[in-house]
Amino acid sequence: MIDLSVDLCGLKLRNPTMLAAGVLGETGKSMATVARAGAGAIVTKSIGKKPRSGHLNPCVVELPFGLLNAMGLPNPGAEAFGREIAEAREGGAPVIASVFGSTEEEFAELCGLMAKYGADAVELNLSCPHAHGYGAEIGSDPDTVQAICRKAKKRLRIPVLAKLTPDTTSIADLALAAQRGGADGIVAINTLKGMRILPEARMPVLANRVGGLSGPAIRPVGVRCVYEIFEAVKVPVVGVGGVSNASDALEYIMAGASSVQVGTAVWSEGPEVFSKITGGLMKFMAENGFNSVKEMVGIAHSSRP
Amino acid sequence: MLTIHGHTDEIPNVRTILFKEKLLSKPGQFVMVWVPGVDEFPMSASHTIPRLGVTYRILGPGTTALASRKPGDRIGIRGPYGRGFTLEGERILGVAGGLGIAPLAPFLELAMTKGASAELVLGAKTAKEVLFDGRMTDAGVKVHISTDNGSAGFKGLASELAKEVLSGKKFDCIYACGPEKMLVEVLALAGRHKTPVQASLERYMKCGIGICDSCAIDGRHVCKDGPVFPDSELRTFGELGKTKLDPSGRRVSI
């Protein structure tokens with residue numbers, strides 16, 4: 001009997017796919033729709049203390065191999081988000097609230113609110129590449145990552161996941177810092193910092209000039225990061241970056257991810273992508289003699305001499 | 001990027017910008033218009049063949065900048081995006097409020113070339129603000145005008161005039177675009193006449209491609225699932241005519 005369910009830091013997921021932060025995660029009903037389409041868990045859009053409109057348009061560029069975006073962390077503010085979390089949970093999958101702040105106190109306060117609203121876990125956004133004073137700007141420093149995780153952890157009983165940036169010398173060092181701070185799990189990777197210039201316009205297309213690259217183009221980077229993090233830490237790892245089918249998900253799982261997140265593929269394939277991935281996983285496991293996802297986590301490491 | 005062919009002044013503060021290039025799209029679809037260095041915003045195509053055109057009200061910095069661009073200047077266009085209008089039956093009725101005629105005009109023109117017989121309720125605040133009435137008459141559409149102050153045609157709302165038009169005739173489908181309160185009225189009216197509706201909605205939009213959730217309405221997305229929705233979906237929208245999201249994602253009343 002093949003079992004797709006996974007345990008992520010104590011959370012029971014019916015399958016190892018999750019909606020990644022920032023995609024269709026602003027309204028509860030959209031999140032519930034994605035959960036009903038088959039996602040094993042839902043990560044909300046990153047929520048801050050105050051309402052924030054984000055960057056001006058253009059905030060997204062479509063590329064042949066992915067997307068470049070600079071949304072700039074738009075969100076309705078923590079206090080307006082309780083009803084969205086409640087509606088999202090009606091979809092039947094655990095809801096993980098992504099939060100962003102500029103200080104450890106701000107993160108901790110937001111975590112407390114999200115737990116109060118019924119979030120099943122929190123994901124600390126330590127990696128957004130396009131918002132000044134937030135995300136990767138503070139999440140590239142191991143000591144800061146450790147301090148933010150520690151403060152959040154102290155505040156909460158629900159699991160704390162740290163989402164890390166690949167735009168650093170050693171993502172494994174950041175993961176170790178998060179683990180020292182008490183994070184229950186690591187999420188890797190966020191988008192890679194990038195720019196698109198349209199020669200005819202003689203300027204960067206994104207209003208923010210710089211954005212985050214996602215989609216198939218970054219999958220080899222994400223898989224490498226997860227592979228390195230898996231060797232460095234003991235806590236579970238969630239793989240994200242360019243997953244759009246079962247084979248992509250298996251790359252991450254074999255590199256050491258116990259579950260995967262899907263973002264850009266929701267654009268290219270719609271919410272149906274989740275059932276496509278889980279169907280493909282079932283098929284692969286049946287053909288290759290695996291009964292549980294756990295049996296495959298990190299097996300790419302055992303091939304080393 | 002596309003090249004500006006020229007501008008046309010339509011009614012006070014409303015212009016059409018035509019591009020040298022055509023756009024292969026379905027009437028009712030929209031494009032993201034990028035004025036380099038200023039802003040990018042969604043606009044329904046009001047003209048598609050032989051040239052893409054968009055008709056817009058000069059409101060903020062983005063549309064002010066667009067209006068100041070000269071023939072030969074280049075404007076970024078992505079799209080077309082979304083779901084447009086689909087012709088159902090032969091006798092159709094358009095109901096347009098204000099600039100809502102912009103996406104309906106190319107649809108009604110196309111419907112006429114396909115042999116449909118079309119009537120249009122065209123609502124505006126005053127006689128000066130009636131848009132595309134000549135264009136629609138030229139296409140063979142029977143036009144009924146309503147103005148809020150009665151300075152042209154029927155005095156009252158487009159939905160009130162639509163009620164009169166519908167009381168005398170049976171249509172195969174109603175096509176609507178305009179203020180959301182008008183759409184709610186039209187939906188109720190169509191329900192009483194057991195006539196299908198397709199209506200084009202408007203929401204604040206960022207990505208335009210179905211990922212950012214800014215234009216969400218009851219778990220659906222105006223950019224990707226719409227902007228045109230059939231009555232079967234419209235009737236499930238609890239937010240229709242009541243709330244929408246502001247740029248930060250906060251719910252605000254309509």
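Lettering follows sequence order; numbering is per chain, from 1.
Within the 4.5 angstrom heavy-atom criterion, only side-chain atoms of B:M32, from C-beta onward, approach chain A. In this structure, the portion of A:L198 lying under 4.5 Å from any heavy atom of chain B is its side chain and not its backbone. Contacts between A:A207 and chain B at a heavy-atom distance below 4.5 Å are absent for every atom of the residue. Using a 4.5 Å cut-off between heavy atoms, B:L245 touches chain A through its side chain atoms alone.
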If you apply the rule side-chain contact (heavy atoms from CB on, under 4.5 Å), what do you find for A:L68 with A:L206, and how did you get there? CA-CA 9 Å; A:L68 189 64; A:L206 293 171; 3.8 Å; yes
Apply the test side-chain contact (heavy atoms from CB on, under 4.5 Å) to residues B:L187 and B:L240: give CA-CA distance (whole Å), side-chain angles for both, the deciding distance (0.1 Å), then the verdict. CA-CA 11 Å; B:L187 200 57; B:L240 186 73; 4.0 Å; yes
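Between chain B and the residues A:G22, A:P74, A:P51, A:G25, the most heavy-atom pairs under 4.5 angstrom are made by A:P51. Of the listed residues (B:G37, B:P247, B:G62), the greatest number of heavy-atom pairs within a distance under 4.5 Å of chain A belongs to B:P247. Ranked by heavy-atom pairs under 4.5 Å with chain B, the list A:M71, A:M31, A:M203 is led by A:M203. Contact tally against chain B (heavy-atom pairs below 4.5 Å) for A:C59, A:G270, A:A80: the top residue is A:C59. Counting heavy-atom pairs closer than 4.5 Å to chain B, the top-ranked of the candidates A:V205, A:V23, A:L24 is A:L24.
With hydrogens and angles disregarded, a donor-acceptor distance shorter than 3.5 Å links the side chain of B:Q29 to the backbone of B:G82.
For A:F107 and A:F100, the ring centers are positioned 6.0 Å apart or more.
What you find for B:A176 and B:V186 is that their closest heavy atoms are CB-CG1, 4.2 Å. Considering all non-hydrogen atoms of both residues, A:I47 and A:P76 come closest at CD1-CD, 4.2 Å. Minimum heavy-atom separation, A:I96 to A:A41: CD1-CB, 4.4 Å.
Residues passing the ring-ring contact (aromatic ring centres under 6.0 Å, His included) test with B:F85 are B:F107, B:Y175, sequence neighbours excluded. Scanning for ring-ring contact (aromatic ring centres under 6.0 Å, His included) contacts around B:Y56 gives an empty result, with sequence neighbours left out. Residues passing the side chain to side chain contact (heavy atoms under 4.5 Å, CB included) test with B:A96 are B:I101, B:L104, B:L120, B:L122, sequence neighbours excluded.
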Enumerate, by atom name, each donor-acceptor pair separated by under 3.5 Å where one atom lies in chain B and the other in chain A.
| from | atom 1 | to | atom 2 | distance (Å) |
| --- | --- | --- | --- | --- |
| B:E40 | O | A:N57 | ND2 | 3.3 |
| B:R74 | NE | A:E200 | OE1 | 3.4 |
| B:R74 | NH2 | A:E200 | OE1 | 2.2 |
| B:Y81 | OH | A:E62 | OE2 | 2.3 |
| B:K206 | O | A:N57 | ND2 | 3.1 |
| B:K206 | NZ | A:S53 | O | 2.5 |
| B:I211 | O | A:L24 | N | 2.7 |
| B:C212 | O | A:K45 | NZ | 2.6 |
| B:D213 | OD1 | A:S30 | OG | 2.7 |
| B:D213 | OD2 | A:E26 | N | 2.8 |
| B:D213 | OD2 | A:T27 | N | 2.8 |
| B:D213 | OD2 | A:T27 | OG1 | 3.2 |
| B:D218 | OD1 | A:K29 | NZ | 2.8 |
| B:H221 | NE2 | A:S30 | OG | 3.1 |
| B:K224 | NZ | A:W267 | O | 2.8 |
| B:S248 | O | A:N75 | N | 3.3 |
| B:R251 | NE | A:E84 | OE2 | 2.9 |
| B:R251 | NH2 | A:E84 | OE1 | 3.1 |
| B:R251 | NH2 | A:E84 | OE2 | 3.1 |

